[in-house]
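Take a look at the structure below.
Quick note on labels: first sequence line is chain A, next is B, and so on, each numbered from 1. Since this is a predicted model, take the numbers as computed values, not measurements.
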Amino acid sequence: MGVADPVVRPGPVPHGEGPPHRARGGERRRGARRRHHGVCPEVPARRRRGRGDGGCGVNEAWNDLMRERHRKIEDLRAAGETPYPNDQRVGWTAAAARAAAGTLSPEELAGKAIRVDIAGRVVALRRFGKATFLSLSDRSGRIQGYVKKDTLGDAEYGLFQKVVDSGDLLWLEGTLFITRTGELTVQADRFRVLTKAIRPLPEKWHGLSDVETRYRQRYVDLIVNDEVREIFRRRARIVNFLRDYLSRRDFLEVETPMMQPVAGGATARPFVTHHNTLDMDLYLRVAPELYLKRLLVGGFERVFEINRNFRNEGISTQHNPEFTMIEFYQAYATFTDLMGLTEDMLSSLATALYGSPKFSYQGETVDFTPPWERLTVAQAAARYGGFPEERLADETFLRETAVRLGVPDAAAASQGHLLVGIYEEVAERRIAGPAFVTEYPIEVSPLSRPNGARPRIVDRFELIVRGREIANAFSELNDPVDQRGRFEEQLRRRERGDEEAHFLDEDYLRALEYGMPPAAGEGIGIDRLVMLFTDSPSIREVILFPLLRKEG
RNA sequence: GAGCCCAUAGCUCAGUUGGCAGAGCAUCUGACUUUUAAUCAGAGGGCCGCUGGUUCGAUCCCAGCUGGGCUCACCA
């Protein structure tokens, strides 16, 4: 290697000329780092130790902490070890070791001399010269390891001291015992570095709290913040519960296209992508609805899908451009059947998670004990807006109120849009719930079945919990002629500039013409449900990798 | 898209009425064989987000930009 002292010989630097030589104080160090593209980076002389460390192979951008750790990789190699072996089998987990120890007293445990071998991330190290305690974290939890010189031997213990850092992945084999302070511990007589970490872990006490770093480097967040791991474990549990619940009731799980030639099934702006070979524009789906109902036509009378939808709209604590929904459809059922199913499903889920249908969200109690409140859109608007309910049937009143409340496009909107606009403005966010809001106007529900007695409203409900829409369900429109008329109305809206209006899907209409059984369908926002059940204030806390702008 | 707030060491944060940049943890050196935020002594580590402006001098004041957070708008 031998980069002869690269530290700077800056040529004459014209005064007052721009970077990188603006500040004289910083010049030496900066110069050293910057001036050697593609060559071995500079390592302070006192750290070189003539061992081929810190030389070529070391990334220029690495800081001293990382160079130090890279040096330890060379130390490992010098001791005949590889820093990234993949041949180590692991017999135990932390939880298995705990289970094996059970409630044995320290003496009983010592008597049984249980041998275990575990692997995991070193998340804490407490060194005492000739002995070291460490905390090892694996998929099942944490367990303490104890490594000491007279058990390991001088050479092995010396290597351990020299190369093992917090953040490394380590394998230990030894005997279980309980320390004086009562902690179950693996007293190791063998160890092996399974992966040497170059980057240091965040601080042990405050951990990683910078929200941006937590989302961008979720891997670090998951390493150090146990409660974050717990959120995503719980998310998996929730999804499994729902899948199991529906499967047991004879629903078939299916997967339908995420890339669709026509984006349908929801009022939303889609993302557009392109298939090169077919030279065809495709939309990322905004909903699986129209495909799932094609399956009803096909004879799968109960289907569900758990998957992502994509909506090219705003980002907030409630919205991520891609989000997960479960949608399910049941033939020969109506939206009122789905109210019962939803009450049962979600109260059972709450009970599975909390042992009770009651739980706390952001300091408020949510109670999923059935039956849940039912109220109409007009009742909710009247109650929370302080209007007499009769007046909400009067178009002039609706329009004036909507304009006053700042409902978008209130001047031109239909009566139904005005009512829903007012409801959303004054009522939705104030409904504590769980509540089924019903009697949506037909204009805002182009895929729903009209009510038999009152054709201006549809047989639909939204489930509101803590002011947020958690689910949306309706009896499905299966009259192909009516559906074509609804699509055509959506096209007229689109022509008037409504980018969220539905497209007309000819193939879907063709499917309806073959006959779709009467059915009801429901979509539940998984992310929002998980927020509720993990007490998370932001949707980004329950999505592993939320969308962020490109890193600067 | 708009308003408000934030950006300083690997992490968590102080700070400078504008004058060579600070702490704790982490790292390195030394002591230490039942600790768990181990302890003790010493050392190193900074493009103070980026680009300009003002100034003798900017991490600090001003402007623009980038990224993030919250609220609002849109939406589920």
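- Side-chain contact of Thr267(A) with Arg493(A): a donor-acceptor pair under 3.5 Å is absent, judged by distance alone.
- Here side chain to side chain donor-acceptor pair (under 3.5 Å) pairs that include residues 459-472 of chain A, with residues two or more places apart or in two chains, are Gln318(A)-Arg468(A), Tyr361(A)-Arg468(A), Tyr440(A)-Glu462(A), Ser445(A)-Arg460(A), Asn451(A)-Asp459(A), Arg460(A)-Glu462(A), Arg460(A)-Asn472(A).
- When rounded to the nearest whole Å, the span between CD of Glu212(A) and P of G49(B) equals 14 Å.
- Atom P of A73(B) sits at a distance of 36 Å from the matching atom of C50(B), rounded to the whole Å.
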Atom pairs, protein N/O to nucleotides 10-14 of chain B N/O, distance under 3.5 Å:
from: G10(B); atom 1: O4'; to: Asn63(A); atom 2: ND2; distance (Å): 3.4
from: C11(B); atom 1: O2'; to: Glu203(A); atom 2: N; distance (Å): 3.3
from: C11(B); atom 1: O2'; to: Gly207(A); atom 2: O; distance (Å): 2.7
from: U12(B); atom 1: OP1; to: Ser209(A); atom 2: N; distance (Å): 3.1
from: U12(B); atom 1: OP1; to: Asp210(A); atom 2: N; distance (Å): 2.9
from: U12(B); atom 1: O3'; to: Ser209(A); atom 2: OG; distance (Å): 3.4

### Task
Fill in the dot-bracket string of RNA chain B, one character per base: . for unpaired, | for a pair to another strand, ( ) or [ ] for pairs within the strand, taking Watson-Crick or G-U pairs under 3.5 Å.
(((((((..((((.....[..)))).(((((.......))))).....(((((..]....))))))))))))....

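- Distance check on atom C1': G45(B) versus U35(B) gives 28 Å, rounded to whole Å.
- With hydrogens and angles left out, the side-chain atoms of Thr256(A) and Glu305(A) include a donor and acceptor closer than 3.5 Å.
- With hydrogens and angles left out, the side-chain atoms of Ser536(A) and Arg235(A) include no donor and acceptor closer than 3.5 Å.
- With P as the reference atom, G57(B) and G15(B) are 27 Å apart, rounded to whole Å.
- Ile178(A) meets the side-chain contact (heavy atoms from CB on, under 4.5 Å) test with Pro106(A), Leu109(A), Leu184(A); sequence neighbours excluded.
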What side-chain donor-acceptor pairs closer than 3.5 Å can you find for residues 143-152 of chain A, not counting sequence neighbours?
from: Gln144(A); atom 1: OE1; to: Arg126(A); atom 2: NH2; distance (Å): 2.8
from: Gln144(A); atom 1: NE2; to: Thr185(A); atom 2: OG1; distance (Å): 3.0
from: Thr151(A); atom 1: OG1; to: Gln187(A); atom 2: NE2; distance (Å): 3.3

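- Look at Arg269(A) and you won't find any side-chain N or O under 4.0 angstrom from OP1 or OP2 of A76(B).
- Residues passing the side-chain contact (heavy atoms from CB on, under 4.5 Å) test with Ala350(A) are Phe359(A), Phe368(A), Phe533(A), sequence neighbours excluded.
- The separation between Glu522(A) atom CD and A76(B) atom P is 15 Å, rounded to whole Å.
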